[in-house]
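Step one of this worksheet: look at the structure below.
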Protein chains: 2
Amino acid sequence: MTLSQKSTAPDIKTTAETIQTEILQRICFLDYPPGTQLKEAELAAEFGVSRTPIRDAIGRISHLGLVETRNGVGTVVVALSAAQIRHVYDMRLELAPMIGTMSPRGITETDCEIGQTLLQDAKVLCSAFDSRKYIEINHRLHVLITSLIGNGTLRSFWWQTYCQAASTWYLVSSQRDLEMARALVAELGEINTALELGDVTAIGFIQRTHIGYGYQRIKTHLLSREGE
Amino acid sequence: MTLSQKSTAPDIKTTAETIQTEILQRICFLDYPPGTQLKEAELAAEFGVSRTPIRDAIGRISHLGLVETRNGVGTVVVALSAAQIRHVYDMRLELAPMIGTMSPRGITETDCEIGQTLLQDAKVLCSAFDSRKYIEINHRLHVLITSLIGNGTLRSFWWQTYCQAASTWYLVSSQRDLEMARALVAELGEINTALELGDVTAIGFIQRTHIGYGYQRIKTHLLSREGE
DNA sequence: GACTCCAAACCTGTATGCAGCTTAAGGATT
DNA sequence: AATCCTTAAGCTGCATACAGGTTTGGAGTC
């Protein structure tokens with residue numbers, strides 16, 4: 001085959017792509033909470049580039065629905081509506097079990113080590129909660145799980161829904177800190193068991209279970225009185 | 001709620017977004033078969049704009065994996081690898097049944113009329129096959145079905161996988177013309193029945209069934225000897 | 001004749017300038 | 001004092017110019 005010859009240049013990301021990842025992460029991490037206005041000129045100054053790559057980056061993530069750009073006004077980070085949150089979570093509930101069934105890659109020694117490290121870090125949160133650290137641990141966990149997915153399409157979708165759900169979910173986490181920390185430790189405990197047994201299917205179902213829990217928390221603390 | 005006030009400007013698409021849709025359609029319709037080089041300057045001249053909106057449009061569809069841009073070389077339409085095709089089809093097989101289960105919108109009179117029109121047009125193909133018309137009918141069918149999906153996330157994913165699968169699938173259709181035309185008529189017949197009964201769930205399963213058939217054809221005629 | 005090396009052509013990536021749109025503030029009028 | 005209108009500031013959308021990278025073809029050499 002002529003394509004996929006990435007031997008010479010493995011992953012030389014262009015400036016715009018790097019910025020794209022950074023901006024998306026900032027939205028997910030609530031560094032840019034909903035309502036934040038992303039000014040191209042401002043970001044350009046921060047990254048030391050012109051407006052062009054900034055525009056590229058924002059344009060590339062626009063399909064996730066997390067930002068809205070209007071001419072003459074600006075680009076603002078939008079909070080997903082209650083209906084959209086429901087849609088994303090309903091989808092994640094369906095996708096989770098597929099993680100283990102759609103040609104996953106094998107679990108390596110490294111995966112187990114990462115899992116253990118995450119559990120250690122999560123335990124610390126139970127005694128001294130830190131919203132930022134909670135977000136980072138969760139993010140690393142999702143990087144790990146996503147990497148287990150062998151089906152590229154599912155991997156892409158799984159990551160897309162994670163990004164869409166993240167900011168809302170992290171918003172709740174700041175309200176129910178201890179509860180969330182304990183839930184994370186429990187989840188990581190189960191995941192480590194599955195990792196050691198090499199059972200990716202189990203990981204899928206564990207995810208499905210805990211997404212359900214998270215969904216319930218969001219419904220309780222955020223969507224309780226909102227309408228359609 | 002403060003957002004979603006599209007009353008004043010319903011859908012004023014920017015130039016780049018219009019071009020984005022057009023380019024993506026050309027890729028799906030095989031107007032740009034795999035290997036085609038998309039030169040920004042050339043497209044800019046055709047659409048009567050500068051390179052900037054063209055770049056925007058291409059950048060926005062890059063996440064589908066249908067194009068690959070390399071600095072100094074150009075942007076080329078890529079054929080999905082055998083593994084990627086498998087991934088996309090495996091995913092579509094899973095997504096199809098969800099069409100009817102994840103909060104679909106109701107079926108209207110208009111939907112039934114569109115379905116009937118499509119069936120009429122498809123029947124013509126059985127006596128006089130025309131690859132282009134086959135593609136267009138299929139496209140209109142997918143627009144219809146996608147519009148039935150109430151869950152926005154699923155709708156987005158369903159459309160993404162359609163775009164990814166389309167060009168490969170249409171490539172096969174040009175080889176097995178009569179077989180494909182008859183299959184389309186059969187599919188549309190079933191779909192019209194489901195439409196008249198107002199049963200979106202049935203439509204999901206009909207899709208699932210016929211995607212399976214299409215997958216088999218692709219495996220037989222395209223992936224038979226290719227490796228991983 | 002075959003091979004090497006260099007240069008020109010061509011493409012994308014980025015910077016910058018301008019036009020159009022939106023908003024908000026301030027002054028004039030009622 | 002309230003309201004309307006004008007004007008200026010700020011942002012995005014687009015056009016254009018330049019820089020960096022890649023390929024290709026031909027001249028020169030062995």
Side-chain angles (χ1 to χ4, degrees), chain A residues 2-23 26-27 32 34-78, chain B residues 2-24 27 32 34-78:
Chain A
T2 54
L3 46 93
S4 78
Q5 53 197 16
K6 298 194 173 182
S7 53
T8 56
D11 47 330
I12 295 177
K13 298 179 81 172
T14 180
T15 308
E17 285 169 349
T18 308
I19 295 174
Q20 171 189 352
T21 306
E22 177 63 25
I23 291 178
R26 289 182 183 182
I27 294 173
Y32 294 149
T36 304
Q37 196 173 30
L38 305 179
K39 298 168 197 169
E40 295 175 358
E42 199 172 280
L43 287 167
E46 180 192 334
F47 288 101
V49 296
S50 80
R51 276 179 50 213
T52 310
I54 304 290
R55 279 185 63 76
D56 256 44
I58 293 177
R60 279 193 163 91
I61 63 175
S62 63
H63 74 100
L64 293 174
L66 295 170
V67 294
E68 195 165 298
T69 300
R70 283 190 303 174
N71 186 8
V73 181
T75 301
V76 312
V77 179
V78 300
Chain B
T2 55
L3 46 93
S4 78
Q5 52 198 17
K6 298 194 172 182
S7 53
T8 55
D11 48 330
I12 296 177
K13 298 178 81 173
T14 180
T15 310
E17 284 168 349
T18 309
I19 295 173
Q20 171 189 353
T21 305
E22 177 63 26
I23 292 178
L24 183 54
I27 295 173
Y32 295 150
T36 305
Q37 198 174 28
L38 304 179
K39 298 168 198 169
E40 295 174 358
E42 199 172 280
L43 288 166
E46 179 192 335
F47 288 102
V49 295
S50 79
R51 276 180 51 212
T52 310
I54 305 289
R55 279 187 62 76
D56 256 44
I58 294 177
R60 279 192 164 90
I61 62 175
S62 63
H63 75 100
L64 294 174
L66 294 170
V67 294
E68 195 165 299
T69 301
R70 282 190 304 174
N71 187 7
V73 181
T75 301
V76 32
V77 180
V78 301

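Proteins get letters first, then strands, A, B, ... in listed order; numbering begins at 1 in each. None of the values given here were measured: they were computed from a predicted structure.
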Could you pull out the protein-nucleic contacts involving nucleotides 24-26 of chain D (nitrogen or oxygen on both sides, under 3.5 Å)?
none

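- Near-neighbour residues of DNA chain C inside residues 57-67 of chain A, defined by a heavy atom below 4.0 Å, are absent.
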Trace of the side chain to side chain contact (heavy atoms under 4.5 Å, CB included) decision for A/Val49 with A/Ile19: CA-CA 10 Å; A/Val49 296; A/Ile19 295 174; 4.1 Å; yes
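- Annotation: side chain to side chain contact (heavy atoms under 4.5 Å, CB included) contacts of A/Thr52 (sequence neighbours excluded): A/Ser50.
- The side chain to side chain contact (heavy atoms under 4.5 Å, CB included) test applied to A/Glu42 returns A/Lys39, not counting sequence neighbours.
- Close approach of DNA chain C to chain A, defined as any atom under 4.0 Å from a non-hydrogen atom of the protein, starts and stops at C/dG13 to C/dT22.
- In this structure, the side chains of B/Thr14 and A/Asn71 stay at 4.5 Å or more apart for every pair of heavy atoms.
- Here ring-ring contact (aromatic ring centres under 6.0 Å, His included) pairs that include residues 41-71 of chain A, with residues two or more places apart or in two chains, are A/His63-B/His63.
- B/Thr21 is linked by a side-chain hydrogen bond (donor to acceptor under 3.5 Å, both in side chains) to B/Lys13, counting only residues two or more places apart in sequence or in another chain.
- Applying the side-chain hydrogen bond (donor to acceptor under 3.5 Å, both in side chains) test to B/Thr36 and every residue at least two apart in sequence or in another chain returns nothing.
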Nucleotides 6-14 of chain D: protein proximity per nucleotide (B base, S sugar-phosphate only, - neither; heavy atom, under 4.0 Å): ----BBBBS
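- Under the side-chain contact (heavy atoms from CB on, under 4.5 Å) test applied with A/Val67, the options A/Val78, A/Val76, A/Ile27 reduce to a single match, A/Ile27.
- Take A/Arg26 and apply the salt bridge (Lys or Arg N to Asp or Glu O under 4.0 Å) test, not counting sequence neighbours, and it matches A/Glu22, A/Glu46.
- A/Ala44 is linked by a side chain to side chain contact (heavy atoms under 4.5 Å, CB included) to A/Arg51, A/Ile54, counting only residues two or more places apart in sequence or in another chain.
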